[in-house]
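Atoms within each ligand, like the ligands themselves, are counted from 1 in listed order. Everything numeric in this text was worked out from a predicted model, so none of it was measured. By convention here, the first residue in the shown sequence is residue 1.
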Amino acid sequence: MTMRWLTVMLLSMTTAMAAHGSVTKASFGTTPDGTAVDVYTLKSDTVEARITNYGARIVSIKTADKNGKVADVVLGYDTLAGYLADTAYFGAVVGRYGNRIAHGEFKLDGKTYHLPINNGGNSLHGGTTGFDKHVWKAREVPEGVELTLVSKDGDQGYPGTLTAHVRYTLHHNALRIDYSASTDKDTVVNLTNHSYFNLGGIGSGTILNDEIMIAADKYTPADVGLIPTGELAPVEGTPMDFRKATVIGKRIHDNFEQLKIAGGYDQNWVLRGSNGEIKTAARVHDPVSGRVLTVTTTEPGVQFYTGNFLDGTLHGPGGVAYGKNTGLCLETQHFPDSPNHPSFPTTELKPGQSRHSTTTFTFSTEK
Ligand code: BGC
């Protein structure tokens with residue numbers, strides 16, 4: 001009897017059954033300094049998503065293709081060791097400032113702040129020890145998990161103690177991410193998720209045959225260091241035009257400066273609609289599996305990145321090598337280097353304010 005009660009209690013502590021799904025927690029190992037890391041499995045009627053509190057990362061998303069065959073559609077590793085050694089931000093929440101800040105420098109309230117330079121001459125994804133490399137606090141919530149990180153005043157050079165919450169919830173075929181952040185001093189913040197999707201399933205080849213639609217009339221052209229020039233350029237008449245669904249590989253090798261600089265697509269698109277309102281950002285369709293990913297967001301921009309820097313040195317479950325273009329990222333965000341571009345939507349956050357944003361990844365199939 002006692003054993004039965006103990007089992008029941010343990011189960012109810014680790015499993016929260018919600019109306020449409022379940023959340024289960026398991027150990028994912030420990031970091032070299034002995035911090036315990038967990039993995040949460042969110043299950044709905046059609047999708048299983050695994051989230052770890054190491055870097056608030058999406059570990060896997062399993063969903064069926066048009067014939068009912070289930071596969072994992074995000075690049076990841078099967079062990080914590082893989083994530084500890086990761087150099088490509090697989091599945092991670094990047095912050096405090098996702099994407100680049102030119103020369104690792106910005107001015108706020110008349111003071112210049114210096115950030116770690118970790119990408120060419122610039123600061124990328126929050127610095128050398130960004131939010132992707134922290135163990136976040138986690139708590140189960142209905143249909144999901146909420147992760148919390150307190151980044152101290154001066155962390156990676158950024159001012160103000162920033163408290164960030166990222167909540168993943170799975171409802172039927174939609175994985176929703178709610179971000180919120182508050183600070184005790186003026187600061188800048190730009191949080192996004194860096195998952196690499198391969199709708200054919202990891203190990204199925206490149207994403208170059210997928211079709212993508214991006215709901216944007218303009219993009220922010222970048223210099224050789226991938227820092228926006230400040231211009232909002234029309235996509236019309238360029239290989240950046242994805243207003244109609246187009247095969248990704250069709251124009252990726254065109255003689256177009258932006259593609260040459262990045263070795264493929266790696267720019268920020270200016271989404272139609274208002275900053276702060278939920279709208280469709282992009283839709284990806286893999287004609288072979290029939291899987292479709294629809295991304296909606298309240299953010300004003302999206303970085304469409306075709307995994308140009310993956311070179312086969314990182315390996316996933318079963319030893320699969322992640323080569324060039326084997327995954328694509330749709331990083332919903334404020335524009336790169338906004339702190340140095342007053343004309344861009346602001347990323348500044350003041351004490352007493354709370355920054356919220358929402359992004360959803362919805363999975364479906366099409367014959
Ligand atoms: C950037 C790429 C970078 C990648 C790192 C993306 O957000 O735009 O340039 O290489 O992150 O994995």
Return the residue, atom name and 0.1 Å-rounded distance of the protein heavy atom closest to [atom].
atom                    : answer
atom 2 (C) of ligand 1  : Asp266 OD2, 3.0 Å
atom 7 (O) of ligand 1  : Glu331 OE1, 2.6 Å
atom 10 (O) of ligand 1 : Phe309 CD1, 3.0 Å

- [ ] Specify whether Phe197 and Phe363 have parallel, tilted or perpendicular ring planes, treating 30° as the upper limit for parallel and 60° as the lower limit for perpendicular.
- [x]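 Correct class here is tilted.
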- [ ] Report the part of Asn99 in contact with ligand 1, treating N, CA, C, O as backbone and CB onward as side chain, heavy atoms under 4.0 Å; options are side chain, backbone, both, neither.
- [x]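 Under 4.0 Å from ligand 1, Asn99 contributes side-chain atoms alone.
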Open item on the list: Can you tell me if Tyr196 contacts ligand 1 (heavy atom of the residue under 4.0 Å from the ligand)?
Closed with: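 Tyr196: in contact with ligand 1 (<4.0 Å).
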- [ ] Tell me which one of Gln267, Arg100, His194 gets a heavy atom nearest to atom 6 (C) of ligand 1.
- [x]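 Nearest option to atom 6 (C) of ligand 1, by heavy atoms: His194.
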Task: Heavy-atom side-chain contact between Thr298 and Ser357 under 4.5 Å - done: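 The answer is yes, as the side chains (C-beta and beyond) meet within the 4.5 Å cut-off.
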Open item on the list: Counting C-beta onward and ignoring hydrogens, is there a side-chain heavy-atom pair between Asp210 and Leu328 closer than 4.5 Å?
Closed with: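 The answer is yes, as the side chains (C-beta and beyond) meet within the 4.5 Å cut-off.
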Open item on the list: For Gln353, I'd like to know if atom CD has over 12 heavy atoms of other residues, nucleotides or ligands within 6.0 Å.
Closed with: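 Check passes, neighbour count above 12.
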- [ ] Heavy-atom contacts with Gln303 under 4.0 Å: which atoms of ligand 1 show up? List them by number with element.
- [x] 8 (O)
Task: Single-linkage hydrophobic cluster, 4.5 Å side-chain cutoff, Ile177 and Tyr97 together - done: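 The answer is no; the residues belong to distinct hydrophobic clusters.
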Task: Salt-bridge criterion met for Lys350 and Asp186 (N-O under 4.0 Å) - done: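 Between Asp186 and Lys350 there is a salt bridge, with a charged N closer than 4.0 Å to a carboxylate O.
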